[in-house]
Amino acid sequence: MFSISQLRNFQGRNVFILAHRFQSTLVLAEHNNGKLNPVTLSAITAAQKVGGTVSCLVAGAKCGSVVEQLSKATGISKILVAENANLHGLMPEPLAPLVVATQKQFGFTHILAGASAFGKTVLPRVAALLDVSPISDVTAITNADTFVRTIYAGNAVLTLKSNDGVKVVTIRPTSFPAALIGDAVAPSEASTQTVNLSPNSEFIGQELTKSDRPELSGAKIVVSGGRGLKSGENFELLYKLADKMGAAVGASRAAVDAGFVSNDLQVGQTGKILAPELYIAVGISGAIQHLAGMKDSKTIVAINKDAEAPIFQVADIGLVADLFAAVPELTEKIGKK
């Protein structure tokens, strides 16, 4: 025979197990109709921490190759495919109602995407249509209801519990490892949603910057410059160093605001958030908003003539020197025995 307290504990554990089992997450795949963005693999890992089943929604025009790439990711129970010419360009206006309709059809308890420009434009609209509060830039998932994110430019950590029936979450890709690619193939099925995919906005085209260097957000080595470079022409020093190392080039907000480089190179809270194997900060003082975008890097090297610069507080290796002498010397010595 069980006592009342034992019975209550037994029932409580079973309620927890059942609740955990009935969690189901929809991950919105990010892609360009040809190649899957690695941020989606990080979102799948985050979804697995929620518990329950994980499904992915691939929406676009002629995105069969993306479905094939995604199907090999471990941890996915199925892939929903929505192909429509009006989804070309992945505009948020047609995507948001499609995601909501998919959630209502399958009863997903969570909707996840990466905290990229794509996720940040689509999921807030999804949350508005579902009348729930979006949870942005999550760095850890404690359980199905509890999430961790940073605030005040990364100076404080907030743990929040959501009581919404559907949790709409964007995750910081650098905080979750990419899901492994295996041999098994997840099943896929065509979405049967018939929502209006012809909104008032229309995708016309896009102009993408072409470069032989690695893409900034996915590079293993990043060389970034700040206001200390004094001009855009002096960024040529970093380009030569980056080419020698096979690295991507980034910049601080101060350098972007000064017009030295375009804003697609900006690293920081209001730019790209990175976690490369090696991050070299050249002429960057280390403002709080910049540190929020790169402090998770595995190894941080700082070159600055100001020994009191805040960047040295997070750097693993610091060089107090004139960058106009140190960078050319470093570039020259790399590759030499």
Q.
Could you go through Leu278 and Lys220, starting from their C-alpha distance and side-chain angles, then the distance that decides it, and tell me whether this counts as side chain to side chain contact (heavy atoms under 4.5 Å, CB included)?
A. CA-CA 7 Å; Leu278 174 62; Lys220 293 184 178 180; over 6 Å; no
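- Defined by atom type and a distance below 3.5 Å, a donor-acceptor pair is missing between the side-chain atoms of Thr40 and Asn37.
- In this structure, Cys63 and Asn33 approach most closely via the heavy-atom pair CB-OD1, 3.7 Å.
- In this structure, Lys240 places its NZ atom where only 12 or fewer heavy-atom neighbours from other residues, nucleotides or ligands lie under 6.0 Å away.
- To the nearest 0.5 angstrom, Arg227 atom CZ is 11.0 Å from Arg253 atom CZ.
- For the residue pair Gln266/Ser252, the side-chain donor-acceptor check at 3.5 Å is not satisfied.
- Put simply, the side chain of Thr109 never gets that close to the backbone of Val166: no donor and acceptor are under 3.5 Å apart.
- Note that the NZ atom of Lys49 and the CZ atom of Phe176 stand 7.0 Å from one another [nearest 0.5 Å].
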Q: Please assess Leu216 against Val249 for the test side chain to side chain contact (heavy atoms under 4.5 Å, CB included), listing each intermediate value before the final yes or no.
A: CA-CA 7 Å; Leu216 181 58; Val249 175; over 6 Å; no
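- When each of Arg172, Gln269, Arg149 is paired with Asp137, the side-chain hydrogen bond (donor to acceptor under 3.5 Å, both in side chains) condition holds for Arg172 and for no other.
- Counting heavy atoms from C-beta on, the side chains of Ile79 and Ser71 come closer than 4.5 Å.
- Under a cut-off of 6.0 angstrom, the local environment of CD in Glu308 is sparse, with at most 12 non-hydrogen atoms contributed by other residues, nucleotides or ligands.
- Between Phe235 and Leu229, the closest heavy-atom pair is CE1-CD1, 3.5 Å.
- Separating the OG atom in Ser191 from the CG atom in Leu98 is a distance of 5.5 Å, to the nearest 0.5 Å.
- Residues in residues 112-160 take part in no ring pair (Phe, Tyr, Trp, His ring centres under 6.0 Å) pair, two or more places apart or across chains.
- Residues satisfying the side chain to side chain donor-acceptor pair (under 3.5 Å) test with Ser175, not counting sequence neighbours, are none.
- The main-chain N or O of Ala219 is never found under 3.5 Å from a side-chain atom of Glu277 such that the two would form a donor-acceptor pair.
- The closest donor-acceptor contact from the side chain of Thr146 to the backbone of Thr142 lies at 3.5 Å or more, if one exists at all.
- For the ring pair (Phe, Tyr, Trp, His ring centres under 6.0 Å) test, residues two or more places apart in sequence or in another chain that qualify with Phe108 are Phe106.
- No more than 12 heavy atoms of other residues, nucleotides or ligands sit less than 6.0 Å from atom CD of Glu68.
- Counting only heavy atoms from C-beta outward, the side chains of Lys167 and Thr25 never approach each other to under 4.5 Å.
- By the 4.5 Å heavy-atom criterion applied to side chains, Thr150 and Leu158 are not counted as neighbours.
- Here Ile171 contributes atom CD1 and Thr45 contributes atom OG1; the two are 8.0 Å apart, rounded to the nearest 0.5 Å.
- Distance CG/Leu241 to OH/Tyr239: 12.5 Å, rounded to 0.5 Å.
- A side-chain donor-acceptor contact under 3.5 Å links Gln69 to the backbone of Gly34.
- A continuous path of Ile, Leu, Val, Met, Phe, Trp and Tyr side chains, each step under 4.5 Å between heavy atoms, connects Leu160 with Ile151, placing both in one hydrophobic cluster.
- At a threshold of 4.5 Å between non-hydrogen side-chain atoms, the residues Thr170 and Leu112 do not count as touching.
- Contact between Ile111 and Leu130 at its shortest, heavy atoms only, is CD1-CD1, 4.0 Å.
- A donor-acceptor pair is defined here as one N or O able to donate and one able to accept, closer than 3.5 Å; no such pair exists between the side chain of Asp145 and the backbone of Lys161.
- Residues Leu70 and Ala29 approach most closely at CD2-CB, 4.1 Å, considering heavy atoms.
- Within the 4.5 Å cutoff, the side chain of Leu95 has heavy atoms near those of the Leu87 side chain.
- Using a 4.5 Å heavy-atom cutoff, the side chains of Leu41 and Ile44 are in contact.
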Identify each donor-acceptor pair in which a side-chain atom of residues 315-325 lies under 3.5 Å from a protein atom, sequence neighbours left out, and give them as a table.
residue: Asp316; atom: OD2; partner: Ile300; partner atom: N; Å: 2.8
residue: Asp322; atom: OD1; partner: Phe324; partner atom: N; Å: 3.0

Q: For side chain to side chain contact (heavy atoms under 4.5 Å, CB included), just list the numbers for Leu291 and Ile311, CA-CA rounded to whole Å, side-chain angles, deciding distance to a tenth of an Å, and then say yes or no.
A: CA-CA 8 Å; Leu291 298 183; Ile311 191 69; 3.8 Å; yes
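- Residues Ser224 and Val282 are not in side-chain contact: their nearest non-hydrogen atoms beyond the backbone lie 4.5 Å or more apart.
- Of the listed residues (Ile76, Leu26, Val67, Leu28), just one forms a side chain to side chain contact (heavy atoms under 4.5 Å, CB included) with Cys56, and that residue is Ile76.
- Salt-bridge check for Asp243 with Arg213: passed, with a basic side-chain N closer than 4.0 Å to an acidic carboxylate O.
- Atoms NZ and OG1, from Lys244 and Thr331 in turn, are 6.5 Å apart once rounded to the nearest 0.5 Å.
- Screening residues 283-301 for side chain to side chain donor-acceptor pair (under 3.5 Å) gives Thr270-Gln289, Tyr279-His290 as the qualifying pairs, with residues at least two apart or on separate chains.
- Residue Ser133 comes nearest to Asp164 through the heavy atom pair N-OD2, 3.1 Å, listed as atom of the first residue, atom of the second, then distance.
- Residues in residues 58-88 take part in these ring pair (Phe, Tyr, Trp, His ring centres under 6.0 Å) pairs, two or more places apart or across chains: His88-Phe203.
- Between Lys272 and Met294 there is no side-chain heavy-atom pair separated by less than 4.5 Å.
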